[in-house]
> 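Structure incoming, see below.
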Amino acid sequence: MRQVYLDYSATTPVKQEVVDAMLPYFTELYGNPSSLYSIAAESKEALAGARKQVAELIGAEEKEIFFTSCGTEADNWAVMGAADALRKKGNHIITTKIEHHAMLHSCEFLEKRGYDVTYLDVDSEGRVNPADLEAAITDKTILISIMFVNNEVGTVEPIKELAAIAKAHKILFHTDAVQALGNVPIDVKELGIDLMSMSAHKIYGPKGIGALYIRKGVKISNYLHGGAQENKKRAGTENLAGIVGFGKAAELARTNLTEHIKHTSSLRDYLIQQVQENIDNVYVNGSMEHRHPGNANLTFEFIEGEAMLLYLDMNGIAVSTGSACSSASLTPSHVLSALGIPVERIHGTLRFTVGDMTTKEDIDYVVSTLKNVVNKLREISSVSSEKGW
Amino acid sequence: MRQVYLDYSATTPVKQEVVDAMLPYFTELYGNPSSLYSIAAESKEALAGARKQVAELIGAEEKEIFFTSCGTEADNWAVMGAADALRKKGNHIITTKIEHHAMLHSCEFLEKRGYDVTYLDVDSEGRVNPADLEAAITDKTILISIMFVNNEVGTVEPIKELAAIAKAHKILFHTDAVQALGNVPIDVKELGIDLMSMSAHKIYGPKGIGALYIRKGVKISNYLHGGAQENKKRAGTENLAGIVGFGKAAELARTNLTEHIKHTSSLRDYLIQQVQENIDNVYVNGSMEHRHPGNANLTFEFIEGEAMLLYLDMNGIAVSTGSACSSASLTPSHVLSALGIPVERIHGTLRFTVGDMTTKEDIDYVVSTLKNVVNKLREISSVSSEKGW
Amino acid sequence: MYNDKVMDHFMNPHNVGEIENADGVGTYGSPVCGDMMQISITVEDDKITDAKFKTFGCGSAIASSSVATDMIIGMTIDEALELTNKQIINELGGLPAVKVHCSVLADHAIKSAIYDYAQKTGKHYKGLEGFDPNADEDDHHDLPEEA
Ligand SMILES: Cc1ncc(COP(=O)(O)O)c(C=O)c1O
Ligand SMILES: Cc1ncc(COP(=O)(O)O)c(C=O)c1O
Ligand code: FES
Ligand code: FES
């Protein structure tokens with residue numbers, strides 16, 4: 001049976017070149033980068049090389065890249081570190097309703113400990129209105145955190161405008177760029193970003209390694225305390241092989257960016273077009289103009305997402321209902337709710353994400369399978385276009 | 001030139017079997033464990049298998065193992081999580097003067113935020129006196145954290161006695177077992193431990209993966225907030241390959257434990273004996289009775305550690321002056337200071353740690369090289385046994 | 001996540017459809033909760049001789065509908081009214097804890113269908129006492145996670 005992975009936003013396979021780059025650091029060049037002898041010096045150089053590769057992908061300086069254990073840790077560090085460091089200045093944080101749980105649950109934690117958090121609304125395409133941000137700012141606001149690209153609907157936020165507003169008020173601006181990295185061009189200097197979260201496993205690197213960009217001059221508290229690693233800002237023996245893998249993945253992402261965007265967006269567009277041609281009562285969620293190149297978030301009316309997902313899986317096709325880390329939960333997606341999509345439709349929504357390994361044949365297979373699956377489930381369903389909801 | 005790595009306490013090479021276990025999880029079985037389709041189910045199974053392997057090494061239940069990004073994160077989580085969860089009960093923490101920086105710097109952070117920390121003294125061998133612990137407890141004490149095995153001098157603490165005291169006072173007991181794991185037998189149930197930190201890269205697993213044992217029924221706050229991973233207690237997409245590697249390393253550590261202890265302790269004893277026979281004015285620091293099987297912490301009077309380290313490195317030998325993560329710092333080891341070793345001797349101290357790949361020939365080569373190095377540096381030195389300090 | 005039996009009932013559900021001129025029809029749930037089930041039954045001599053379902057819902061809801069309709073065919077009304085979600089789960093060989101409520105849906109839909117039959121025929125069944133087909137429809141989402 002054909003196997004088609006269309007969940008690149010959940011995680012990506014690690015590219016062979018990336019694995020090859022990592023391998024020596026397990027068995028041969030295993031020195032602890034903090035040690036003083038020669039094989040440790042090689043580890044230290046490997047760290048420096050990877051830092052440069054990540055920095056170059058986003059237009060940062062090497063000194064501004066701090067490796068973390070994942071995108072989640074980068075998000076936690078940014079918000080907890082800013083909240084702690086700026087407590088005297090204020091206790092108000094502004095974010096959005098469509099952030100990843102790494103941000104939302106960190107904010108909820110802070111709310112229970114004396115911080116106020118404003119969760120901005122988004123429009124029906126998932127975009128934040130800069131005027132809403134402007135209006136939410138108070139003299140107690142210490143951090144604005146707005147994601148670069150949403151993980152469910154793929155909407156790209158107007159980061160440059162939003163960061164400019166933060167800057168005008170001298171407020172720190174953080175963006176969760178986990179889904180943006182390697183999928184949209186990012187130049188942190190040009191965009192005016194102070195803090196930015198990244199993760200390797202969304203760009204064909206290994207899982208369990210991420211980074212936080214901290215603009216030179218920005219001071220936030222440490223979050224993992226201990227040894228002097230990462231220029232004394234993030235303790236813990238470095239995930240050497242993981243960092244090397246992230247570096248290599250970042251380099252590939254940088255050199256392939258144009259090609260990657262072209263490849264994924266054309267297949268994604270083909271997928272949407274074919275689905276709309278072959279299946280009725282389908283909706284596309286999110287913005288078509290400001291969108292992650294690989295993302296197609298589609299609602300199939302009158303049927304339920306998990307059922308579709310499992311039928312597709314039986315046919316070798318991997319897609320997701322919302323974000324991977326909420327797939328075990330039953331609450332309807334907070335992102336789709338924020339876009340104003342009616343709950344019964346949210347339940348019938350699937351996220352397809354196309355990646356570098358996807359082919360046109362894959363899409364053809366997915367569309368024909370999907371057509372059967374949707375038909376079958378609509379036959380079983382107690383609701384339909386005739387009967388209504 | 002012969003290459004001899006004698007810094008296994010800083011980090012270990014990853015065993016080939018461990019790398020082999022990890023490899024499929026990069027390029028083939030790359031599914032996000034939180035997803036619902038088949039390849040994700042294989043990832044989930046791999047996590048469960050690794051959790052079992054780690055649990056078995058320490059006599060825990062699988063549900064009590066929570067993977068983290070390193071030993072440092074496990075330490076931070078334990079102390080920050082307990083401090084936050086028990087804030088209403090009290091604000092007093094007891095630890096020791098010889099903890100790893102992951103614990104000490106976390107405690108310092110808490111001290112600035114309204115917590116009181118008692119740092120227990122140790123005796124000249126590096127052991128905590130249980131009576132000191134008993135005396136330090138107040139009705140505000142919420143956590144006792146005492147490391148299992150010290151990373152510099154290798155001293156094994158009387159964990160069972162200490163944990164029993166904590167239990168008698170109904171206080172949570174945490175131990176940093178990063179150096180103990182795989183080097184001394186550990187049965188968390190028999191020892192009465194509530195929380196225990198571990199790290200894979202000290203037991204021939206990869207860097208950047210650790211775990212916190214949380215005894216069933218113990219409640220501490222989460223530290224990394226976000227998705228529902230690790231039974232909703234530690235967010236972040238799992239470091240799948242790293243966890244699988246940790247699992248395999250734990251299994252090897254369990255099955256090889258007796259052999260490993262025999263191999264390393266006999267070579268370590270041989271090293272100490274040969275050094276004492278061939279070089280004068282040498283001191284062994286720490287306890288010989290309660291000691292990490294691979295650890296030899298030696299002071300060579302009248303010369304300086306970093307100079308020795310570099311000379312040894314020129315001869316292909318990797319050793320350390322104290323813990324890896326403080327090797328770039330110039331302050332004399334807080335551990336050796338706590339043992340009451342005079343500062344001038346602290347500067348002449350090296351830590352050798354023997355591991356599974358070490359051979360008798362390695363030790364012979366190290367001893368003969370060391371003899372030359374020490375002689376050479378003593379010739380250069382302005383102090384000597386005749387002149388005195 | 002689901003066992004083989006659940007997957008089999010989900011992939012190849014039995015008794016899908018609507019009985020024409022059914023003796024009783026009941027629906028339970030709401031699309032808003034992500035699950036809605038309709039069950040129609042034929043009754044002869046107080047015995048359920050046929051049952052069909054239509055379900056908008058997840059894998060577990062569809063599998064529960066399939067197995068529950070299998071179970072009630074051949075049962076007397078009184079027996080069918082005794083059917084609990086626990087029995088449905090057992091018949092399926094178990095459901096993940098978060099999916100237990102989906103089987104509650106099935107036994108409620110069956111009750112609703114019987115209620116409809118009782119209304120139409122003016123019959124009274126002990127098992128229907130206190131049953132309100134229009135009771136709070138997302139009740140089943142508030143069940144404890146472990147069951
Ligand atoms: C937008 C966004 N933020 C944060 C994360 C968390 O990153 P990680 O999986 O590396 O913890 C993810 C992915 O899961 C994401 O999509
Ligand atoms: C005693 C002790 N605790 C904690 C750590 C930190 O573990 P990790 O290097 O995995 O962060 C180490 C090692 O560096 C250690 O020796
Ligand atoms: S002599 Fe160089 S560190 Fe003191
Ligand atoms: S029908 Fe509600 S989740 Fe299964």
Side-chain angles (χ1 to χ4, degrees), chain A residues 5 7 10-14 16 19 23 26-27 30-32 34-40 69-73 75-76 100-102 105-106 108-109 199 201 206-209 222 224-229 235-242 306 309-310 313 318 320-321 324-329, chain B residues 5 7 10-14 16 19 23 26-28 30-32 34-40 69-73 75-76 100-102 105-106 108-109 199 201 206-209 224-229 235-242 306 309-310 313 318 320-321 324-329:
Chain A
Y5 183 75
D7 202 12
T11 193
T12 57
V14 182
Q16 193 58 50
V19 179
L23 277 179
F26 290 121
T27 51
Y30 54 82
N32 190 318
S34 299
S35 301
L36 295 176
Y37 35 78
S38 312
I39 86 157
S69 65
C70 54
T72 296
E73 186 194 327
D75 281 346
N76 276 254
H100 189 266
H101 283 132
H105 290 165
S106 294
E108 284 162 24
F109 181 86
S199 186
H201 75 99
K207 299 180 191 19
I209 188 75
N222 287 0
L224 283 195
H225 308 275
Q229 292 92 351
T237 300
E238 300 87 344
N239 180 345
L240 182 59
E306 190 211 88
L309 183 149
L310 294 175
D313 183 38
S320 111
T321 59
C325 51
S326 62
S327 51
S329 95
Chain B
Y5 183 74
D7 203 11
T11 193
T12 56
V14 182
Q16 192 57 51
V19 178
L23 279 178
F26 290 121
T27 49
E28 292 158 46
Y30 54 81
N32 190 319
S34 300
S35 301
L36 294 178
Y37 35 77
S38 312
I39 87 157
S69 66
C70 53
T72 296
E73 185 194 326
D75 281 346
N76 276 254
H100 189 268
H101 283 131
H105 289 165
S106 296
E108 285 163 23
F109 181 86
S199 185
H201 74 99
K207 297 179 193 21
I209 187 75
L224 283 194
H225 308 273
Q229 292 90 352
T237 300
E238 299 88 344
N239 179 346
L240 182 60
E306 194 209 85
L309 184 150
L310 295 175
D313 185 36
S320 110
T321 59
C325 51
S326 61
S327 52
S329 96

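Letters A, B, ... are given to chains in the order of the sequence lines, protein chains preceding strands, and every chain is numbered from 1.
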> Among the options B/H201, B/Q16, B/E28, B/E238, pick out the one with the most heavy-atom pairs lying under 4.5 Å from chain A.
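Greatest number of close heavy-atom pairs with chain A: B/H201.
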
> Nearest 0.5 angstrom please: B/F109 CZ to A/N222 CG, how far?
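Interatomic distance, B/F109 CZ to A/N222 CG, rounded to 0.5 Å: 8.5 Å.
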
> Of the backbone (N, CA, C, O) and the side chain (C-beta and beyond), which part of A/L23 lies under 4.5 Å from a heavy atom of chain B, both, or neither?
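A/L23 touches chain B through side-chain heavy atoms alone.
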
> Identify which of B/C70, B/A235, B/G242, B/G71 forms the greatest number of heavy-atom pairs closer than 4.5 Å to chain A.
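Greatest number of close heavy-atom pairs with chain A: B/A235.
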
> Are any non-hydrogen side-chain atoms of A/D313 and B/L36 less than 4.5 angstrom apart?
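Result no, sub-4.5 Å side-chain heavy-atom pair not found.
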
> Non-hydrogen atoms of chain A under 4.5 Å away: do they reach the side chain of B/N239, the backbone, both or neither?
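Both backbone and side chain.
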
> Tell me the closest heavy-atom pair linking A/T72 and B/G236, and the distance in Å.
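Where A/T72 meets B/G236 most closely, the heavy atoms are OG1-CA, 3.3 Å.
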
> Report which part of A/L310 has an atom under 4.5 Å of a heavy atom belonging to chain B: side chain, backbone, both, or neither.
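Answer is side chain: those atoms of A/L310 sit under 4.5 Å from chain B.
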
> Would you find a donor on one side and an acceptor on the other, under 3.5 Å apart, between the side chain of A/H105 and the backbone of B/G226?
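Looks like yes, one N/O pair under 3.5 Å.
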
> Given that the side chain runs from C-beta out, which part of B/L309 has a heavy atom under 4.5 Å from chain A: side chain, backbone, both or neither?
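Answer is side chain: those atoms of B/L309 sit under 4.5 Å from chain A.
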
> Does any heavy atom of chain A fall under 4.5 Å from the side chain of B/E73, the backbone, both, or neither of them?
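Its backbone and side chain both get close to chain A.
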
> Shortest non-hydrogen contact from B/S35 to A/D7?
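So the minimum-distance heavy-atom pair works out to OG-OD2, 3.8 Å.
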
> Is any side-chain heavy atom of A/T27 less than 4.5 Å from a side-chain heavy atom of B/V19?
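They are in side-chain contact.
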
> Just jot down the ring pair (Phe, Tyr, Trp, His ring centres under 6.0 Å) partners of B/F26, sequence neighbours excluded, or say none.
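Checked B/F26 against ring pair (Phe, Tyr, Trp, His ring centres under 6.0 Å); zero matches.
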
> Which bit of A/T12 is near chain B, if near means a heavy-atom gap under 4.5 Å: side chain, backbone, both or neither?
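The backbone, not the side chain.
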
> How would you list, by chain and number, every residue that makes a ring pair (Phe, Tyr, Trp, His ring centres under 6.0 Å) with A/Y5, sequence neighbours excluded?
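For A/Y5, the residues satisfying ring pair (Phe, Tyr, Trp, His ring centres under 6.0 Å) (neighbours in sequence not counted) are A/Y8, B/Y30.
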
> In Å and rounded to the nearest 0.5 Å, what is the CG to CG distance from A/L224 to B/N76?
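It comes to 5.0 Å.
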
> Between A/L240 and chain B, which part of the residue has a heavy atom less than 4.5 Å away: side chain, backbone, both or neither?
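Both parts, backbone and side chain.
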
> For chain B, find which of A/A241, A/A40, A/S38, A/S199 contributes the most heavy-atom pairs closer than 4.5 angstrom.
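With the most close heavy-atom pairs to chain B, the winner is A/S38.
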
